[in-house]
Amino acid sequence: MVAIKIFMSSEYGSILHLFTKQKQGVGMVECKRINLKVGHGIEGDINANPISPRQVLVIRYEDITKLKIQPSELRENIAIAGIQPENFIPGSLLTFESGAAIRLTFHCEPCKRIAHLVKSLKSIQGKRGILGVVIQSGTLEVGGKIQIQTNIFPALPENPYERFLELLTKIPSGKVVTYKQIIQVIGVDNSYIRAIPTYLKKAAIEYPIHRILDSQGNLIKYAFNQKEKLESEGIEVLYKTDLSSKIKRYFVIYKNYLWHNTSIYLK
């Protein structure tokens, strides 16, 4: 077996801009300081979510300068300067003077919302910024110093389906998750809920998809022997009969068994 060495490096930079998005349909608000809260995200920001890997968006100021994009146009929360691109990578740890810290998870994907800012979305691939999770609480201020340390955490997969598979391996016996919860945990837009059935079909043979319910708590058609498997793990499966078709529809009172791990990305 060949040993693979993982090299860690450290570098210092500074905070140039801070922004929050406080309401849907309203632009980014520039701030002199923001509060980070572990298990939450940015206080007062609509993207705060204890189970999301995209609580915060961080960009390098040098990248947007080259692209002639103004601060806040990429909907970032934190614009930093002085960090080399080879160190600004998923899996890195950002620490701040207050003791606050962010785990960088994966690149923010270019989307049609920013298409008007660039010649092509391909030109901004890998430069839209990196998403992150707050792992230590504290206050950030414009002008404050930061430190970045690489390879502290494993980077999350850039592909949403691969993040979905990782999630499946973490759901314990006797617990369930819903479609809505999956969307939040793998860090994708709500429109991705249409892709979940395809993901389930692909993963059905090798992964415990019987622990997944639809957003109303109903059993899904993609999981073989789902009722029996859930019951064997101590989960009560109920049913109601459709009066017109006489078909039994099985469901779980999922709030009694919901897996809600707010520390999923803190380690």
Side-chain angles (χ1 to χ4, degrees), residues 6-23 28-65 71-72 74-108 127-158 163 166 170 184-187 260-267:
I6 298 177
F7 296 95
M8 292 183 287
S9 61
S10 177
E11 187 178 23
Y12 293 87
S14 60
I15 300 171
L16 291 191
H17 297 277
L18 295 169
F19 302 94
T20 62
K21 186 173 179 62
Q22 299 172 358
K23 295 179 182 179
M28 304 297 291
V29 177
E30 187 156 16
C31 310
K32 292 183 178 180
R33 64 182 60 84
I34 60 175
N35 293 318
L36 303 185
K37 184 178 178 181
V38 66
H40 179 76
I42 301 174
E43 290 187 350
D45 190 271
I46 63 170
N47 292 309
N49 185 322
I51 61 174
S52 172
R54 53 190 312 147
Q55 296 172 350
V56 184
L57 176 59
V58 186
I59 64 161
R60 284 194 340 125
Y61 183 75
E62 293 86 347
D63 287 333
I64 63 170
T65 299
S72 85
L74 293 181
R75 307 184 183 194
E76 73 275 8
N77 301 113
I78 306 170
I80 61 175
I83 301 298
Q84 296 302 310
E86 60 267 25
N87 292 328
F88 186 60
I89 54 176
S92 296
L93 173 68
L94 275 178
T95 52
F96 304 87
E97 292 176 298
S98 65
I102 294 172
R103 171 190 178 178
L104 298 181
T105 51
F106 56 91
H107 286 95
C108 187
K127 297 179 181 178
R128 168 79 195 272
I130 303 178
L131 296 155
V133 172
V134 176
I135 63 168
Q136 292 290 339
S137 301
T139 300
L140 311 189
E141 296 188 356
V142 172
K145 301 300 180 185
I146 63 170
Q147 181 185 17
I148 192 165
Q149 297 169 277
T150 62
N151 298 309
I152 300 298
F153 299 96
L156 297 188
E158 298 290 340
R163 297 199 295 273
E166 283 196 356
K170 295 176 181 178
Q184 296 174 0
V185 176
I186 68 175
H260 190 76
N261 185 1
T262 57
S263 65
I264 185 170
Y265 296 123
L266 301 186
K267 302 175 182 178

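It should be emphasised that the depicted structure is a prediction, and the values quoted were computed from it without experimental measurement. Sequence positions, counted from 1, serve as the residue numbers for this chain.
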What I'd like to find out is whether the side chain of [X] reaches to under 4.5 Å of the side chain of [Y], using heavy atoms alone.
{"X": "P71", "Y": "I64", "value": "yes"}
{"X": "R128", "Y": "H107", "value": "no"}
{"X": "L57", "Y": "N77", "value": "yes"}
{"X": "I42", "Y": "V56", "value": "yes"}
{"X": "I102", "Y": "I78", "value": "yes"}

Please report the shortest heavy-atom distance between [X] and [Y], naming the atom on each side.
{"X": "P50", "Y": "G39", "answer": "CB-O, 3.1 Å"}
{"X": "N87", "Y": "S92", "answer": "O-OG, 3.2 Å"}
{"X": "G129", "Y": "I59", "answer": "CA-CG2, 3.7 Å"}
{"X": "T105", "Y": "P90", "answer": "O-CB, 3.3 Å"}

Under the rule for side chain to side chain contact (heavy atoms under 4.5 Å, CB included), what residues qualify as partners of [X], not counting sequence neighbours?
{"X": "S137", "value": "K37, V38"}
{"X": "F153", "value": "L93, R103, I135"}
{"X": "Q136", "value": "A101"}

Pairwise distance [atom1]([X]) to [atom2]([Y]) - rounded to 0.5 angstrom:
{"X": "F88", "Y": "I148", "atom1": "CZ", "atom2": "CD1", "answer": "6.5 Å"}
{"X": "I146", "Y": "I15", "atom1": "CD1", "atom2": "CD1", "answer": "6.5 Å"}
{"X": "I130", "Y": "F106", "atom1": "CD1", "atom2": "CZ", "answer": "11.0 Å"}
{"X": "E30", "Y": "I34", "atom1": "CD", "atom2": "CD1", "answer": "11.5 Å"}
{"X": "L36", "Y": "L140", "atom1": "CG", "atom2": "CG", "answer": "4.0 Å"}
{"X": "Q22", "Y": "C31", "atom1": "CD", "atom2": "SG", "answer": "6.5 Å"}

Taking only residues two or more places apart in sequence, or in another chain, which ones meet R60 in a salt bridge (Lys or Arg N to Asp or Glu O under 4.0 Å)?
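R60 satisfies salt bridge (Lys or Arg N to Asp or Glu O under 4.0 Å) with E62, D63 only.
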Just to verify, what does R163 make a salt bridge (Lys or Arg N to Asp or Glu O under 4.0 Å) with, not counting sequence neighbours?
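R163 satisfies salt bridge (Lys or Arg N to Asp or Glu O under 4.0 Å) with no residue once adjacent residues are dropped.
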Once salt bridge (Lys or Arg N to Asp or Glu O under 4.0 Å) is applied, what residue pairs with a partner in [range] remain, sequence neighbours excluded?
{"range": "residues 42-55", "result": "R54-E109"}
{"range": "residues 88-98", "result": "none"}
{"range": "residues 134-158", "result": "R33-E141"}

Check the surroundings of atom NZ in K127: do more than 12 heavy atoms from other residues, nucleotides or ligands lie under 6.0 Å from it?
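Counting other residues, nucleotides and ligands, NZ of K127 stays at 12 neighbours or fewer.
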Would you say that more than 12 heavy atoms from the other residues, nucleotides or ligands in this model lie under 6.0 Å from the CZ of F19, or not?
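More than 12 heavy atoms, drawn from other residues, nucleotides or ligands, come within 6.0 Å of this atom.
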Just to verify, what does [X] make a side-chain hydrogen bond (donor to acceptor under 3.5 Å, both in side chains) with, not counting sequence neighbours?
{"X": "T95", "value": "none"}
{"X": "S10", "value": "Q147"}
{"X": "Q84", "value": "none"}
{"X": "S263", "value": "N261"}

How about Q55 and H40: does a side-chain donor come under 3.5 Å of a side-chain acceptor?
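H40 and Q55 do not have a side-chain donor-acceptor pair below 3.5 Å.
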Using the rule given for side-chain contact (heavy atoms from CB on, under 4.5 Å), can you reason through L104 versus L94, listing the C-alpha separation, both sets of side-chain angles and the distance that settles it, and then say yes or no?
CA-CA 7 Å; L104 298 181; L94 275 178; 4.1 Å; yes
